[in-house]
Amino acid sequence: MSVNILTNLAVLGITHQRPLAIGQVASIAKSLVPELWNPTNSVIFSAVRRNIQINYLKKEKTGKKSYNIKLTKKGHVQLQNLLLCDPGELVSPTTQAVEAIQFCLLDAASPPTAEMVLIRLQNRQRKRLEDLQHRCLNYPHNGRYLNLWMGMEQRRIAATEQMLTIIYKEAKNSILTNNFSKLTN
């Protein structure tokens, strides 16, 4: 997965609720998942300029020389597409950063987009857990520290998958409740 996709996802997602100064966008982007992805200001500023050029973002004047960045309708559509973007099976810091940012930005997603992202994340965690369990069975020795590490990893992945399942069920119930209330009103 391209770092540009990751950067565009972050920039468009950060600006989805309200216009922000470019410095705020950079600060928020850096704090999203700093252990996995820590972009420089120039990377964020370049992404903002690129997204302004293709009309995903627009400048909103706030003073004589200052402006905020605002997500456009075209940018909102692109954000939905980026949320649906599959970062791939390979476990890498970039893949994990994309998954984490996609999850953090699900508030900006339409209900069908959120549902698809949650299902994909659930399935990916389930597969990672199965792969880890398979590796544990095939490892040539059985040491105390190896068992501690593998057990910790299994619990971490299982807890993430369980959390995603709970969130998915809550989101599904919320969507059904909202649809029902619209029908009865």
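Computed from heavy atoms alone, side chains included, the values below leave out hydrogens, waters and symmetry copies. What you see is a predicted model; the values in this text were computed from it and never measured.
Put simply, the side chain of L82 does not reach to within 4.5 Å of the side chain of L105, judged on heavy atoms. A 4.5 Å side-chain heavy-atom check between V98 and I5 finds every atom pair outside the cut-off. Contact check for V77 versus K73: no side-chain heavy atoms found under the 4.5 Å cut-off. The shortest side-chain heavy-atom distance between L57 and T72 does not fall under the 4.5 Å cut-off. When side chains are defined from C-beta on, N51 counts as touching I54, because their heavy atoms get closer than 4.5 Å. Considering only heavy atoms from C-beta on, I69 stays 4.5 Å or farther from L20 through its side chain. Between L71 and K58, every side-chain heavy-atom pair lies at or beyond the 4.5 Å cut-off.
L9 CG to L83 CG: the interatomic distance, rounded to the nearest 0.5 Å, is 5.5 Å. Here CG of N8 is found 12.0 Å from CG of N81. Values are rounded to the nearest 0.5 Å. Summarising the geometry, atom NZ belonging to K74 is positioned 5.0 Å from atom CG belonging to N55; distances are rounded to the nearest 0.5 Å. Taken from CG in L118 to CE in M163, the straight-line distance is 9.0 Å, to the nearest 0.5 Å. Summarising the geometry, atom CZ belonging to F103 is positioned 3.5 Å from atom CD1 belonging to I167; distances are rounded to the nearest 0.5 Å. Atom-to-atom distance recorded for S110:OG and E115:CD is 10.0 Å, nearest 0.5 angstrom.
For the 3.5 Å distance criterion, the side chains of Q122 and Y168 fail to qualify, holding no donor opposite an acceptor. A donor-acceptor contact closer than 3.5 angstrom is absent between the side chains of T94 and S92.
Residues satisfying the side-chain contact (heavy atoms from CB on, under 4.5 Å) criterion with V33, sequence neighbours excluded, are E35, L36, W37, A97, A100, I101. By the side-chain hydrogen bond (donor to acceptor under 3.5 Å, both in side chains) test, Q125 pairs with no residue at all, sequence neighbours left out. Legend: residues meeting side-chain hydrogen bond (donor to acceptor under 3.5 Å, both in side chains) with T160, ordered by chain and number and at least two apart, are absent. In terms of the salt bridge (charged side-chain N to carboxylate O under 4.0 Å, His left out) criterion, residue partners of R126 (sequence neighbours excluded) are, by chain and number, E161. Considering only residues two or more places apart in sequence or on other chains, K127 meets the salt bridge (charged side-chain N to carboxylate O under 4.0 Å, His left out) condition with D131. Residues passing the side-chain contact (heavy atoms from CB on, under 4.5 Å) test with N147 are N142, sequence neighbours excluded. Partners of K70 under the salt bridge (charged side-chain N to carboxylate O under 4.0 Å, His left out) rule, at least two apart in sequence or in another chain, are E60. Residues satisfying the salt bridge (charged side-chain N to carboxylate O under 4.0 Å, His left out) criterion with R128, sequence neighbours excluded, are E99. Considering only residues two or more places apart in sequence or on other chains, L137 meets the side-chain contact (heavy atoms from CB on, under 4.5 Å) condition with none of them. For L146, the side-chain contact (heavy atoms from CB on, under 4.5 Å) criterion is met by Y139, H141, M150, not counting sequence neighbours.
Cluster note: L148 groups with Y145 through ILVMFWY side-chain heavy atoms spaced under 4.5 Å, whether in direct contact or through intervening members.
For residues 13-34, every residue pair satisfying the side chain to side chain donor-acceptor pair (under 3.5 Å) rule, not counting sequence neighbours, is listed here: K30-N41.
A donor-acceptor contact shorter than 3.5 Å is absent between the side chain of R124 and the backbone of R120. Here the side chain of N38 pairs no donor or acceptor atom with the backbone of P34 at under 3.5 angstrom. In this structure, the side chain of Q80 engages the main chain of A108 through a donor-acceptor pair within 3.5 Å. No donor-acceptor distance shorter than 3.5 angstrom exists from the side chain of T113 to the backbone of A109, with no hydrogens or angles considered. When atom types are taken as modelled, the side chain of Q102 and the backbone of V117 share no donor-acceptor pair closer than 3.5 angstrom.
Heavy atoms only, all atoms of each residue included: L32 and A10 are closest at CD1-CB, 4.1 Å. For the residue pair A114 and L106, the shortest heavy atom distance occurs at CA-CD2, 3.9 Å. Nearest heavy-atom pair across T7 and A47 is CG2-CB, 3.3 Å. The two residues P19 and N68 make their nearest non-hydrogen contact at CB-CB, 3.7 Å. Between A158 and L129, the shortest heavy-atom distance links the atoms CB-CD2, 4.0 Å.
Note on I28 and V43: separate hydrophobic clusters, where clusters join Ile, Leu, Val, Met, Phe, Trp and Tyr whose side-chain heavy atoms are under 4.5 Å apart, directly or indirectly.
For the pair K59 and Y67, the cation sits on the ring face: its NZ or CZ lies under 6.0 Å from the ring centre, inside 45° of the axis.
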